[in-house]
Participant: 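Provided herewith is a single structure, encoded as structure tokens, for subsequent inquiry.
Residue numbers start from 1 in every chain, and the chains themselves are labelled A, B, ... in the order their sequence lines are given, proteins ahead of strands.
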Amino acid sequence: MREVVILGVGMTKFGVHKQPMRELFAQAALEALAESRVSPRDIEGLFVGQVLGVFEEAQANIAPFLAQDIGLPRTAPAVRFEGACASATVAIRHGALLVAGGVHDLVLCGGVERATAMNTSLATTTFAMCSHADYECPSGITFPGIFGLAAHLYAAKYGLELGELKRAMAEVAVKNHRHATGNPLAQFRKEISIEDVLSGPMVADPLQLYDCCPFSDGAAAVVIADAARFRDHLAEPVFLAGTGQGNAGGAFSQGDLTLSSARRASVGQAYRQAGLGPDEVDLCELHDCFTIAEIIASEALGFFPDGTGWRAALEGHTDMSGRLPINPSGGLKAKGHPIGATGAAQTYEIVNQLRGKAGPRQVENARVGLVDTLGGDMSTICNLILRRG
Amino acid sequence: MADQQFKPILSHEEFAQALARGRLMGLSCIGCGAVTTPPQATCPKCGGSDLGPVEVEPSGVIETMTVIRVGPAGFDPPYVVALVRLDDGPRLMGRVNGVDPESAGPDLIGRRVCLKGQVSEPRTKESGVRRVSFLFDLT
């Protein structure tokens, strides 16, 4: 396998956009191409995460239309990847593997979504379609519901008072909102208090409104290249040191939900490929679709022993100044979560952090960063490990 | 080989028909003995495909629960959804009947339940795939 380098990244503001996904993706893509100092005509393939375009814009087969807009050559395959909320990370991983395998030298990856084009009822319904259609959806389960199940199980399993766990979960929301105040592209740039979180309406017990990420629109893009040919193309190369991806079936078939077994399978591959362990990770953008999801992920990724992630959140170890800064971008919670684009936005953040270009939210001496993205009810997990050159 | 259609050992339709008659069917792995329900093509524990249909005890314990307050279209929140660990091993996700969602909480964890399936018509007439809901009563 050849060594792979990330040349440039681009991203729109996340939030509510009243423009087609083509335009959102073009903005992110052209920014990434310009930063990479390459032309759209040089790109050999487009691999893009997109989940619910059929409902959002009555658009299937979106990838060739995105390629058309930014002027990719006829020879470039344009492929849409769908792995629920992990779609963009899956697209990036596959684009990178095609470069590593010598099929392409230079590809464009990313993702785009416009979830707010659907009303809340349709969005709740279509998001829930990422659960098992035959054996889960008929129960009326929702995404917040899946993580409500996980939160109650976590408290019961580790003998925690629910109030104690909920306070730790609230700290995750407060921290990620605080981080997002330093991110001009974030959907929410206002601090919230523990009391705000604990007084919000209940969505799926025990998750309240501020335990949940918003519906969002946005796009992000990443240019990936063969390191041997492009390593000296830019002054600040960022290497894709390892990737992993795992799968699990319906939540009913996963065993203990708090363990996120597919994530352990995925990140294990990434650590092995990179020759690194969790202790060598300087910062992480992980999938905090719900506050409890951040706590569970922080354990499954190996940062904290099982059953202690809640305490790490409570004690500030995952804050900007903590032992392991988690979600300096504000995370899905506050930066926003346009599901098809999220993994590319996480990658955007890590690349900028490793280049020392993250402004007020810069993590000091960041050399290794981890991307963690979850799809469906923890059934698709994809991880990337990035290393400063 | 085009004339050889894949025939599962226990198809979704057979599973749904049995459930509609009050019987929870599953698969028993000849290789490792693991019991699986709902049915799938191979044993989730060992990957073996040498499986035989078996009737599964419809009783189990609530492993975790939530109350859905904002539901998908066509549902009427609030309602209680639980993950239930059956006495025979597999887990199922379904509704818990007979408890007031407003007062339901994690004290339901550990309570024993009995499965009562509900099978409804396909999403569309053309689909032919009937929809299965797992409903649980506290026992």
Participant: Taking 4.0 angstrom as the limit, do B:Arg131 and A:Asp134 come out as a salt bridge?
Facilitator: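 Salt bridge: no.
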
Participant: Look at the aromatic rings of B:His12 and A:Tyr135 and report parallel, tilted or perpendicular, splitting at 30° and 60°.
Facilitator: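 Tilted.
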
Participant: CD of B:Glu102 to CE of A:Met202: how many Å apart, nearest 0.5 Å?
Facilitator: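 So the CD of B:Glu102 and the CE of A:Met202 are separated by 10.0 Å.
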
Participant: I need the minimum non-hydrogen distance between B:Pro38 and A:Phe252, along with the two atoms involved.
Facilitator: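 Taking B:Pro38 first and A:Phe252 second, the nearest heavy atoms are CD-CE1, 3.6 Å.
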
Participant: So with a 6.0 Å cut-off around CD of B:Glu126, is the heavy-atom count from everything else above 12?
Facilitator: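 Yes, CD of B:Glu126 has more than 12 neighbouring heavy atoms, counting only those of other groups under 6.0 Å.
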
Participant: Crowded around B:Asp76 CG? As in, over 12 foreign heavy atoms under 6.0 Å?
Facilitator: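 No.
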
Participant: B:Phe136 versus chain A, heavy atoms under 4.5 Å apart: side chain, backbone, both or neither?
Facilitator: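 For B:Phe136, no heavy atom lies under 4.5 Å from chain A.
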
Participant: For B:Ile109, which atoms come within 4.5 Å of any heavy atom of chain A: side chain, backbone, both, or neither?
Facilitator: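 Contact with chain A: side chain only.
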
Participant: Do B:Val70 and A:Thr142 have side chains that get closer than 4.5 Å, going by heavy atoms?
Facilitator: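 Sidechains of A:Thr142 and B:Val70: no contact.
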
Participant: Go through A:Gly249, A:Gly255, A:Pro206 and name the one with the most non-hydrogen pairs under 4.5 angstrom from chain B.
Facilitator: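 When all of A:Gly249, A:Gly255, A:Pro206 are compared, A:Gly255 has the most.
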
Participant: Is the count of non-hydrogen atoms from other residues, nucleotides or ligands lying under 6.0 Å from B:Arg112 atom CZ greater than 12?
Facilitator: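 Yes, enclosed.
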
Participant: Non-hydrogen atoms of chain A under 4.5 Å away: do they reach the side chain of B:Arg130, the backbone, both or neither?
Facilitator: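 Looking at B:Arg130, nothing touches chain A.
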
Participant: Work out which heavy atom in B:Thr66 is nearest to a heavy atom in A:Ala204; give both atom names and the distance.
Facilitator: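 Looking at all heavy atoms of both residues, the shortest contact is OG1-C, 3.4 Å.
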
Participant: Can you say whether A:Leu122 sits under 4.5 Å from chain B via the side chain, the backbone, both, or neither, judging by heavy atoms?
Facilitator: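 Neither part.
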
Participant: Between B:Tyr79 and A:Gly140 (side chain of the first, backbone of the second, donor and acceptor by atom type, cut-off under 3.5 Å), is there such a pair?
Facilitator: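 Checking the backbone N and O of A:Gly140 against the side chain of B:Tyr79, a donor-acceptor pair under 3.5 Å is found.
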
Participant: Is a donor on one side and an acceptor on the other found under 3.5 Å between the side chain of B:Thr64 and the backbone of A:Leu153?
Facilitator: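 It does hold such a pair.
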
Participant: Which atoms of B:Val80 are under 4.5 Å from chain A, going by heavy atoms: the side chain, the backbone, both sets, or neither?
Facilitator: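 When you check distances to chain A, no heavy atom of B:Val80 falls under 4.5 Å.
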
Participant: Is A:Ile146 in contact with chain B via its backbone, its side chain, both, or neither, using a 4.5 Å heavy-atom distance?
Facilitator: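 Just the side chain, heavy atoms under 4.5 Å.
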
Participant: Quick check: do B:Met93 and A:Leu149 have side-chain heavy atoms less than 4.5 Å from each other?
Facilitator: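 When only atoms from C-beta onward are counted, A:Leu149 and B:Met93 do touch, with a gap below 4.5 Å.
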
Participant: So what's closer than 4.5 Å to chain A heavy atoms on B:Ala82: side chain, backbone, both or neither?
Facilitator: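 Contact with chain A: backbone only.
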
Participant: Looking at B:Arg69, B:Arg95, B:Gln40, which has the largest count of heavy-atom pairs under 4.5 Å with chain A?
Facilitator: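 Sorted descending by pairs with chain A, the first entry is B:Arg69.
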
Participant: With a 4.5 Å cut-off on heavy-atom pairs, point out which of B:Val81, B:Ile68, B:Thr36, B:Leu83 contacts chain A the most.
Facilitator: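 Sorted descending by pairs with chain A, the first entry is B:Ile68.
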
